[in-house]
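These notes are about the structure you will find just below.
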Amino acid sequence: MADIRPFCACRPAAGLESEIAALPYDVYSRAEAREYVAAHPGSFLAIDRAETTMPADMDIYDEKVYQHAHELLEDWIRRGRFVQDSTPCYYVYAQTMDGRTQTGIAACASIDDYDTGVIKKHENTRADKEKDRICHVDACSAQTGPIFLCYRQNDAIDAVVAKAAAGSPACDFISDGNIRNRVWVISDPGDCNVIRRAFAGIDSIYIADGHHRCASAVRVGKMRREKNPGYTGEEEFNFFLSVLFPENELKIMDYNRNVHDLNGLSLEEFLKKTEEVCRVIRPEDDTKAPVPAAKGQIGMYMDGHWYLLMIRPEFKSDDPVAGLDVSILQDRLLGPVLGIGDPKTDSRIEFVGGIRGTKELEEKADARKGVSFLMHPTSLGELFDVADAGRLMPPKSTWFEPKLLSGLFIHLI
């Protein structure tokens with residue numbers, strides 16, 4: 001059963017939330033991060049990507065970078081830019097984008113629940129990306145970017161969240177992308193007990209986004225255990241910063257693909273190969289993207305034209321992984337026809353989040369005479385099925401929006 005605990009968050013001082021809170025560190029390239037911090041020196045990105053305020057030729061994985069992050073965080077706390085709550089609390093965190101609101105609870109989850117499979121993953125992690133955040137968390141003795149978790153809806157939790165959200169928020173601000181962010185603090189011991197007991201009755205929590213941050217936080221916790229063999233299990237390093245959302249609050253967006261070329265095939269040859277896997281429909285107006293209306297449908301763009309692909313029944317599957325549209329596309333077309341053997345490492349494929357729209361898919365395909373694929377979004381039910389089966393999705397199967405901001409809640413360990 002899930003151990004989801006309140007904690008004493010270190011939060012931006014009142015009025016500084018919009019200045020400090022930042023998008024996750026990994027949505028920026030090195031150049032983009034440096035440019036953003038130069039324009040927004042009070043942004044938490046200066047701590048999350050501490051190399052941005054160091055010499056331009058500094059190795060971003062140098063130990064000095066992580067030490068600089070530690071020093072910046074300590075300085076901001078010392079100067080009162082962050083203030084830590086004196087009693088453990090849960091925090092209701094609501095984000096509104098394009099008229100849709102997702103509301104979750106900021107809390108701490110157990111590293112033991114991750115190890116035992118109560119907290120379930122659906123993606124593999126890369127050692128190099130893990131190492132970076134391990135060094136950052138360990139040097140700062142703080143978790144600064146929350147893990148995006150989801151769970152099956154629970155009436156008791158909903159009731160406490162609704163009660164809190166009926167009051168005045170502790171902060172209410174607009175972040176980049178015109179996202180409204182609101183936070184309410186749940187400090188009442190009775191309400192906290194209701195939430196904790198309700199989570200204790202939930203047997204599965206799912207990682208929606210942040211697999212690398214989660215694995216890194218768990219690894220740091222284990223490192224601290226090794227250094228403290230007399231640990232009790234109650235120390236803060238045994239838990240990691242999370243925001244947990246009920247399934248009915250979330251929306252997964254499409255995660256699309258662009259392949260730079262046709263692997264030596266002509267347009268006619270590639271269309272013929274595609275016809276073997278899908279029924280290919282060319283819309284009457286083939287200059288407009290045919291948005292896939294259901295699972296089993298894929299939009300395809302090349303040579304200035306859009307097509308709608310209908311996956312043939314013989315290639316569909318009840319298997320939780322093999323039956324995913326992204327799996328069928330990879331296993332039947334991208335791999336054997338276009339030569340994309342490992343989409344995690346092949347430089348000929350790019351992934352485009354649905355938030356960017358279809359114009360970018362067209363531009364990328366036109367620029368290199370390649371092909372783009374517009375996917376129907378993977379569902380939360382499919383994510384749950386894959387994780388429950390102990391399986392992994394193909395890379396870049398899900399895109400969640402809006403992103404959780406970093407620096408809004410810090411968990412000191």
Side-chain angles (χ1 to χ4, degrees), residues 4-24 27 43-44 82-83 85 88-109 143-188 191-192 194-196 198-199 202 205-210 213 240-253 355 380 398-411:
I4 305 298
R5 299 190 174 197
F7 70 111
C8 298
C10 201
R11 298 185 288 135
L16 293 182
E17 295 92 352
S18 61
E19 178 184 347
I20 290 176
L23 287 170
V27 305
S43 166
F44 194 78
F82 284 104
V83 179
D85 290 317
C89 304
Y90 290 108
Y91 305 87
V92 176
Y93 181 21
Q95 294 178 294
T96 302
M97 182 182 79
D98 297 334
R100 186 186 72 84
T101 299
Q102 60 183 32
T103 304
I105 297 177
C108 279
Q143 298 152 357
T144 60
I147 316 306
F148 194 144
L149 301 180
C150 59
Y151 60 94
R152 290 185 171 87
Q153 183 267 338
N154 179 280
D155 289 342
I157 297 173
D158 285 352
V160 178
V161 168
K163 174 185 171 183
S168 298
C171 68
D172 185 348
F173 65 97
I174 304 297
S175 61
D176 290 346
N178 199 33
I179 311 299
R180 185 183 184 188
N181 299 269
R182 288 170 290 168
V183 173
W184 294 264
V185 180
I186 299 177
S187 57
D188 178 78
D191 289 339
C192 288
V194 170
I195 293 175
R196 190 166 179 184
F199 275 118
I202 295 175
I205 304 287
Y206 302 85
I207 301 175
D209 197 11
R213 291 193 296 276
F240 58 88
L241 177 63
S242 308
V243 179
L244 301 99
F245 294 88
E247 58 185 320
N248 57 319
E249 290 283 330
L250 297 179
K251 177 184 177 183
I252 300 180
M253 298 185 72
I355 192 70
L380 270 173
T398 57
W399 180 280
F400 288 91
E401 199 74 37
K403 302 297 184 188
L404 302 180
L405 297 181
S406 295
L408 200 50
F409 312 98
I410 295 176
H411 178 222

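Sequence positions, counted from 1, serve as the residue numbers for this chain.
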query = Does the pair Phe245 and Thr103 meet the rule for a side chain to side chain contact (heavy atoms under 4.5 Å, CB included), with working shown?
reply = CA-CA 6 Å; Phe245 294 88; Thr103 304; 5.5 Å; no
Can you check side chain to side chain contact (heavy atoms under 4.5 Å, CB included) on Arg196 and Tyr90, steps first, answer last? CA-CA 10 Å; Arg196 190 166 179 184; Tyr90 290 108; 3.3 Å; yes
Rounded distance [0.5 Å steps], [atom1] in [X] versus [atom2] in [Y]:
X: Arg213; Y: Ile207; atom1: CZ; atom2: CD1; value: 10.5 Å
X: Lys403; Y: Asp176; atom1: NZ; atom2: CG; value: 14.5 Å
X: Ile157; Y: Ile4; atom1: CD1; atom2: CD1; value: 9.0 Å
X: Ile147; Y: Ser242; atom1: CD1; atom2: OG; value: 6.0 Å
X: Ser175; Y: Glu17; atom1: OG; atom2: CD; value: 12.0 Å
X: Ile20; Y: Ser406; atom1: CD1; atom2: OG; value: 12.5 Å

Answer with yes or no after comparing the ring centroid distance for Phe7 and Phe409 against a 6.0 Å cut-off, counting only values under it.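 Centroid distance Phe7-Phe409: not below 6.0 Å, so no.
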Can you confirm whether [X] sits close enough to [Y] that some side-chain heavy atom of one is under 4.5 Å from a side-chain heavy atom of the other?
X: Gln95; Y: Pro402; answer: yes
X: Leu244; Y: Phe199; answer: yes
X: Phe173; Y: Leu408; answer: yes
X: Arg152; Y: Ile202; answer: no
X: Cys108; Y: Phe240; answer: no
X: Ile252; Y: Trp399; answer: no
X: Leu241; Y: Pro146; answer: yes
X: Asn181; Y: Leu405; answer: yes

* Steps toward ring-ring contact (aromatic ring centres under 6.0 Å, His included) verdict (Tyr151, Tyr206) -> CA-CA 6 Å; Tyr151 60 94; Tyr206 302 85; 9.8 Å; no
How far apart are the C-alpha atoms of Ile355 and Met97, what are their side-chain angles, what is the distance that settles it, and do they pass the side chain to side chain contact (heavy atoms under 4.5 Å, CB included) test? CA-CA 11 Å; Ile355 192 70; Met97 182 182 79; 4.2 Å; yes
Testing the basics here: between [X] and [Y], what is the closest heavy-atom pair and its distance to 0.1 Å?
X: Ala170; Y: Val185; value: CB-CG2, 4.1 Å
X: Cys192; Y: Ile186; value: SG-O, 3.4 Å
X: Ser187; Y: Cys89; value: CB-SG, 3.8 Å
X: Cys150; Y: Ala208; value: SG-CB, 4.3 Å

Q) Can you list the residues that meet the side chain to side chain contact (heavy atoms under 4.5 Å, CB included) rule with Val27, with sequence neighbours excluded? A)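 Result, side chain to side chain contact (heavy atoms under 4.5 Å, CB included) vs Val27: Leu23, Pro24.
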Check side chain to side chain contact (heavy atoms under 4.5 Å, CB included) between Arg180 and all other residues, then give those that pass, not counting sequence neighbours.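 Arg180: side chain to side chain contact (heavy atoms under 4.5 Å, CB included) contacts with Thr96, Asp172, Ile174, Arg182.
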Name the orientation class of the two ring planes belonging to Phe82 and Phe44 (parallel below 30°, tilted from 30 to 60°, perpendicular beyond 60°).
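Ring orientation, 0 to 90° scale: perpendicular.
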Q: Check step by step if side chain to side chain contact (heavy atoms under 4.5 Å, CB included) holds for Val161 and Ile105.
A: CA-CA 8 Å; Val161 168; Ile105 297 177; 3.6 Å; yes
**Item:** Contacts of Glu19 that satisfy salt bridge (charged side-chain N to carboxylate O under 4.0 Å, His left out) - sequence neighbours left out
**Value:**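 Partners of Glu19 by the salt bridge (charged side-chain N to carboxylate O under 4.0 Å, His left out) criterion, ordered by chain and then number, come out as Arg81.
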With distance as the sole test, does Arg100 use its side chain to make a donor-acceptor pair with the main-chain N or O of Glu249 at under 3.5 Å?
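Side chain of Arg100 to backbone of Glu249: a pair is present.
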message: For Ala9, is there any backbone N or O sitting under 3.5 Å from a side-chain donor or acceptor partner on Tyr91?
response: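 Judged by distance alone, yes, a pair lies under 3.5 Å.
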- Message: Could you tell me if Asp158 and Gln153 have a donor-acceptor pair between their side chains, going purely by distance under 3.5 Å?
- Response: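 Yes - a donor-acceptor pair under 3.5 Å links their side chains.
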